[in-house]
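To start, the structure under review is shown below, and the notes come after it.
Computed from a predicted structure; not experimentally measured. Only heavy atoms go into these numbers, but all of them, side chains included; no hydrogens, no water, no symmetry mates. Start at 1 and go down the list; that is how both ligands and their atoms are numbered.
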Amino acid sequence: MKIEIYSKNKKVEVKVIPVYENDDKKIIFFDKKLETKKIVSQINLFNFKAKDKEILFFNLENDKYLILGVKKDYTLEDLRRSYSVAFDFLKSKDIKNILFEVPKENDLEISSIVESLDLTDYSFDKYISKKKDDEKIDMNCYLNVSNKYKKLILDTLVVCKNVKFARNLVNENSNIITPKKLEILAKDFAKKNRLKIKILDEKLIVKEKLGLLWAVGKGSEFKPRLIILEYLGDLNSTEKIALVGKGITFDTGGINLKPSGFLEDMKSDMAGAAAVFGTFISAVELGLKKNLILVIPTAENAISSQSYKPGDVFIGYNGKSVEIGNTDAEGRLILSDSLSYLQKNYKPTKIIDVATLTGACLIALGPSLIAMLGNDEQMKKQIFKSGENTFERVWELPIYDEHRDLIKSNIADVKNIGSSRFGGTITAAAFLENFIQKGIKWTHLDIAGAARSDKKEFYVSQFGTGRGVRLLFDWLKNN
Ligand code: BES
Ligand code: ZN
Ligand code: ZN
């Protein structure tokens with residue numbers, strides 16, 4: 001699919017015209033110049049009301065029109081959803097060449113519409129054998145906006161491409177997206193963009209004493225990796241931002257095996273890694289003026305005679321000992337070792353980690369919100385704002401001493417589960433906090449709910465959503 005600015009030489013089959021219903025129930029064209037008697041008579045004929053996301057499709061002489069209802073005081077998300085409905089409708093009608101009028105020409109509106117169209121155009125159908133290939137049409141979407149928005153559109157499309165990259169990683173089989181495969185993808189990207197890369201394979205993980213990452217990963221045929229990439233986009237700045245993502249390529253729960261009903265989605269347990277990878281690629285491809293470190297600890301939490309066991313104690317890279325209360329609380333283990341390694345060897349000033357960390361996050365915040373916990377008010381405020389901008393919304397949870405008390409151990413420095421199930425998202429973050437050095441600004445994002453969706457919702461695809469990429473990129477770009 002192509003999304004470009006409209007010019008006179010383009011062939012167009014359908015014009016999409018946004019309208020709204022005003023307080024007197026009258027239909028108003030956002031762009032009055034597009035209002036013609038003939039169109040208005042069609043609108044009246046079909047009793048179209050211009051309700052939010054309502055569409056009316058008709059032929060008029062030799063042209064086709066899609067009149068699109070958008071809220072009068074729309075938010076950017078209203079806009080994304082309305083345009084997504086229009087796009088899906090036209091795609092279902094096999095229409096190739098579409099002209100989209102926009103309610104208002106400015107950066108945020110235009111980038112939101114581009115996101116909507118491009119992200120709606122996604123499906124993970126590689127395993128469907130009877131593909132309607134010849135029916136699959138390559139669409140051309142033309143936006144009727146000034147040429148000065150060309151760069152904005154191209155930049156937005158780069159981020160969308162990487163949202164889809166993250167979706168694909170999550171949707172693909174766990175026997176394909178293995179730690180080794182993530183290593184290969186990272187190496188290829190580093191080579192192509194001449195970035196510094198460091199890979200700790202199983203030998204180095206043992207040699208360097210990343211005992212927690214090794215404990216989680218050693219039970220699988222697919223051995224663990226720690227992947228680190230560096231991008232220096234601003235040599236005048238001393239700031240270095242680390243993006244850390246949980247990369248459990250499949251989470252069986254380990255010896256504390258998950259029951260049926262809880263296993264089937266667990267190829268998505270590397271969605272945090274996918275989100276930070278997609279963000280990092282966007283930043284590099286768009287030449288963002290930031291110094292970034294991408295950190296992906298990746299392992300399969302499998303069952304075998306070599307799997308780590310409940311009740312045992314392991315020592316992390318920073319020397320802290322951890323009692324394993326439950327082998328299914330593996331994410332915090334691989335994250336904490338990578339956080340220790342990162343801080344000792346790369347000296348970041350800010351860290352953001354993203355992880356499908358706790359089922360409790362879904363219980364607390366529902367299926368799509370992201371839980372945010374951390375130690376820096378300004379950073380949290382900024383990320384909250386980016387959540388509102390991108391509609392990848394985050395909600396803050398606190399960490400208090402009463403939560404820290406819950407992960408105390410009798411036989412080790414800390415335990416990997418709380419003494420009760422309550423506050424699971426918070427106790428997980430309280431655990432990670434043990435591995436953050438003084439003075440480092442840190443935010444943890446739990447995307448256990450947001451990473452997947454049971455159904456397609458407008459431009460958000462079913463299963464892997466790619467959430468986190470637009471959120472983090474917005475934060476990096478604006479702060
Ligand atoms: N990967 C899961 C969390 C998860 C659950 C993500 C559901 C997405 C959907 C994580 O590793 C896990 O199993 N956490 C346990 C922790 C518990 C044992 C303390 C959980 O949330 O039940
Ligand atoms: Zn688990
Ligand atoms: Zn997990």
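The existence of a salt bridge linking Lys164 and Asp118 is confirmed by a sub-4.0 Å separation between a basic side-chain nitrogen and an acidic carboxylate oxygen. By the 4.0 Å N-to-carboxylate-O rule, Lys187 lies close enough to Glu183 to be salt-bridged with it.
Asn173 and Asn175 are linked by a side-chain donor-acceptor pair at a separation below 3.5 angstrom, with hydrogens and angles left out of the test. There is no side-chain donor-acceptor pair under 3.5 Å between Asn389 and Trp475.
Taking Arg167 as the reference, Ser461 meet the side chain to side chain donor-acceptor pair (under 3.5 Å) condition, with sequence neighbours excluded.
Under the 3.5 Å distance criterion, the side-chain polar atoms of Asp337 are left unmatched by any main-chain donor or acceptor of Gly316. In this structure a side-chain-to-backbone donor-acceptor pair under 3.5 Å is missing from Asn301 to Thr252.
Stacking of Lys456 on the aromatic ring of Tyr122 is not recorded, the 6.0 Å distance cut-off and the 45° axial limit not both being met.
Taking distances strictly below 2.8 Å, the protein N/O/S atoms close to the Zn ion (ligand 2) are Asp251 OD2, Asp328 O, Asp328 OD1, Glu330 OE1.
Contact residues of ligand 1 (protein heavy atom closer than 4.0 angstrom to a ligand atom; sorted by chain and number): Lys246, Asp251, Lys258, Met266, Asp269, Asn326, Asp328, Glu330, Arg332, Thr356, Leu357, Thr358, Gly359, Leu362, Ile417, Ala448, Arg452.
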Kindly list each side-chain donor-acceptor pair under 3.5 angstrom involving residues 204-223, sequence neighbours excluded, with atom names and distances?
unit_1: Lys218; atom_1: NZ; unit_2: Gln306; atom_2: O; d: 3.3
unit_1: Ser220; atom_1: OG; unit_2: Phe222; atom_2: N; d: 2.9
unit_1: Ser220; atom_1: OG; unit_2: Phe222; atom_2: O; d: 3.4
unit_1: Ser220; atom_1: OG; unit_2: Glu300; atom_2: OE1; d: 2.7
unit_1: Lys223; atom_1: NZ; unit_2: Lys218; atom_2: O; d: 3.3
unit_1: Lys223; atom_1: NZ; unit_2: Ser220; atom_2: O; d: 2.5

